There are 2 protein chains.
Amino acid sequence: MTDEALAFPTARHDHAACIAEALDRAERLCAERGERLTTLRRQVLELVWSGHAPQGAYDLLEQLGQARGRVAPPTVYRALEFLQAQGLIHRIESLNAFIGCPIPEERHSGQFFICRLCGLAAELDVGAIDRAIDREATRLGFTIERRTVELQGLCRACREAQA
Amino acid sequence: MTDEALAFPTARHDHAACIAEALDRAERLCAERGERLTTLRRQVLELVWSGHAPQGAYDLLEQLGQARGRVAPPTVYRALEFLQAQGLIHRIESLNAFIGCPIPEERHSGQFFICRLCGLAAELDVGAIDRAIDREATRLGFTIERRTVELQGLCRACREAQA
DNA sequence: TCGGTCATGTTATAAAATAACATTTGCGCC
DNA sequence: GGCGCAAATGTTATTTTATAACATGACCGA
Ligand SMILES: [Zn+2]
Ligand SMILES: [Zn+2]
Ligand SMILES: [Zn+2]
Ligand SMILES: [Zn+2]
């Protein structure tokens with residue numbers, strides 16, 4: 001993150017700072033809420049934040065295995081469930097994968113732009129998109145509880161590299 | 001469908017007509033395109049259209065097993081792949097399920113409003129939503145290839161029944 | 001330090017999807 | 001009609017993703 005939260009992650013930004021900031025915010029948030037960000041949960045969050053590309057649960061599982069020996073699926077899934085409940089990560093439905101949330105303080109669903117070449121994903125929270133959806137829901141009499149907005153394609157860098 | 005295409009399916013509409021129309025349009029479309037809507041594919045499409053709730057691949061597999069004995073997963077998945085390629089069905093990512101498309105003639109992604117109580121799903125193609133997303137993509141320099149917009153919650157009927 | 005709750009470990013299994021190869025079917029061509 | 005190819009389906013095995021159920025351990029207040 002570090003300032004480019006809610007934009008497409010640039011190729012060369014200080015990602016160590018992203019990770020550090022994400023972990024700090026997670027600590028603060030959990031403290032405020034009286035929730036326990038245990039070592040395991042913190043490790044999983046750190047792994048999710050290892051890049052700006054969504055991470056699969058079994059990738060995380062394997063990486064986690066390096067840090068601690070032998071880890072079973074429920075270990076990772078439970079941590080992911082906690083992190084999701086706290087709004088610290090989002091699940092990308094179209095990829096069966098997870099990504100860190102740059103603005104965990106506010107509850108939201110976000111819109112995800114995901115590049116199929118470099119794998120990077122940008123989370124945005126564009127009011128205009130939400131409002132267009134809300135208007136339609138109102139017209140239908142539909143009460144929205146959960147939103148999934150995922151756009152896949154090519155990011156600017158990858159499209160330019162293509163040509 | 002039968003007229004209420006792109007609206008929330010009403011509790012008591014002539015669903016037999018929906019199915020018949022969907023199958024007719026599929027026949028016509030495939031004929032136009034020189035594609036083969038085989039018996040198997042037609043059966044799977046009919047099963048997907050058995051209601052307006054998204055159907056899981058293994059549900060379809062089981063139902064298909066009634067018509068023909070012993071069916072293996074690839075059989076159903078291949079039919080679903082074909083139907084998707086022809087735009088006759090959409091995959092609902094957040095449910096790992098499939099639903100019939102009411103307007104298969106036009107290529108589109110659609111927005112899905114899915115009720116968590118009755119399970120019904122409405123496909124809409126709201127220009128305002130697409131445009132709001134497109135504007136953001138342009139701003140980012142992102143080229144969209146595939147859209148996933150799924151809203152889950154309560155339909156009007158279920159919300160009213162709740163109260 | 002006791003007792004309860006929440007977190008994690010462990011084992012097994014369910015659910016969803018695909019790979020790889022064999023067989024059959026449909027269809028144009030002779 | 002019979003031949004040969006390509007597409008569709010069958011078959012078997014396996015991969016990937018996710019959860020159920022129960023055991024053990026850590027933390028925290030009384
Ligand atoms: Zn970063
Ligand atoms: Zn977010
Ligand atoms: Zn109907
Ligand atoms: Zn559609």
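Proteins come first, then strands; the chains are lettered A, B, ... in the order of their sequence lines, and each starts at number 1. FYI, side chains are in, hydrogens and waters are out, and symmetry mates aren't considered; it's all heavy atoms of this structure. The shown structure was predicted, so the numbers you read here are calculated from the model rather than taken from an experiment.
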Roughly how many Å is it from CD in B/Gln43 to P in D/dG10, rounded to a whole number? 10 Å

Are B/Leu154 and A/Ile144 connected in a single hydrophobic cluster, I mean Ile/Leu/Val/Met/Phe/Trp/Tyr linked by side-chain heavy atoms less than 4.5 Å apart? no

Salt-bridged, B/Glu93 to B/Arg146, with N to O below 4.0 Å? yes

I'd like to know if A/Arg25 pairs up with A/Glu21 as an ion pair, taking the criterion as any Lys NZ or Arg NE/NH1/NH2 lying under 4.0 Å from an Asp or Glu carboxylate oxygen. yes

Could you tell me whether the phosphate oxygens of D/dG10, OP1 or OP2, come under 4.0 Å of any side-chain nitrogen or oxygen in B/Thr75? yes

Given atom CG of A/Leu64 and atom P of C/dG9, what is their separation to the nearest angstrom? 9 Å

Roughly what angle, to 10°, lies between the helix axis at the start of the helix from C/dT1-D/dA30 to C/dC30-D/dG1 and the one at its end, five pairs per end? 20°

In terms of side-chain heavy atoms of A/Arg78, which of C/dT8, D/dG10, D/dT12 is nearest? C/dT8

Separation of D/dT17 atom P from B/Leu95 atom CG, nearest Å, is 18 Å

So, is B/Arg91 near the phosphate of C/dA16, with a side-chain N or O under 4.0 Å from OP1 or OP2? no

Look at the side chain of B/Tyr58 against the base of C/dA17 and say whether a donor-acceptor pair falls under 3.5 Å; ignore hydrogens and angles. yes

Would you call A/Arg139-A/Glu136 a salt bridge at under 4.0 Å N-O? yes

To the nearest angstrom, how far is B/Arg36 atom CZ from D/dA7 atom P? 10 Å

Has A/Arg41 got a side-chain N or O lying under 4.0 Å from the OP1 or OP2 atom of C/dA7? yes

Given the rule that I, L, V, M, F, W and Y join up when any side-chain heavy atoms are under 4.5 Å apart, are A/Phe112 and A/Ile129 in one cluster? no

Separation of D/dA7 atom P from B/Phe82 atom CZ, nearest Å, is 13 Å

If only side-chain N and O atoms of A/Thr38 are considered, is one of them under 4.0 Å from the OP1 or OP2 phosphate oxygen of C/dT8? yes

Could you give the distance from CG (A/Leu88) to CZ (A/Phe82), rounded to the nearest 0.5 Å? 7.0 Å

Which residue lies toward the 5' end of DNA chain D, A/Pro74 or B/Val71, if each is placed at its nearest nucleotide? B/Val71

Once you round it to whole Å, what is the distance between P of D/dA7 and CD of B/Glu81? 14 Å

Heavy-atom donor-acceptor pair, A/Arg68 side-chain to C/dG9 base, under 3.5 Å: no

Between B/Gln111 and B/Val126, is there a donor-acceptor pair closer than 3.5 Å when you use the side chain of the first and the backbone of the second? yes

I need the CG-C1' distance between B/Leu60 and C/dA17, as an integer number of Å. 14 Å

Rounding to a whole Å, what distance do you find between B/Tyr77:OH and D/dT14:C1'? 14 Å

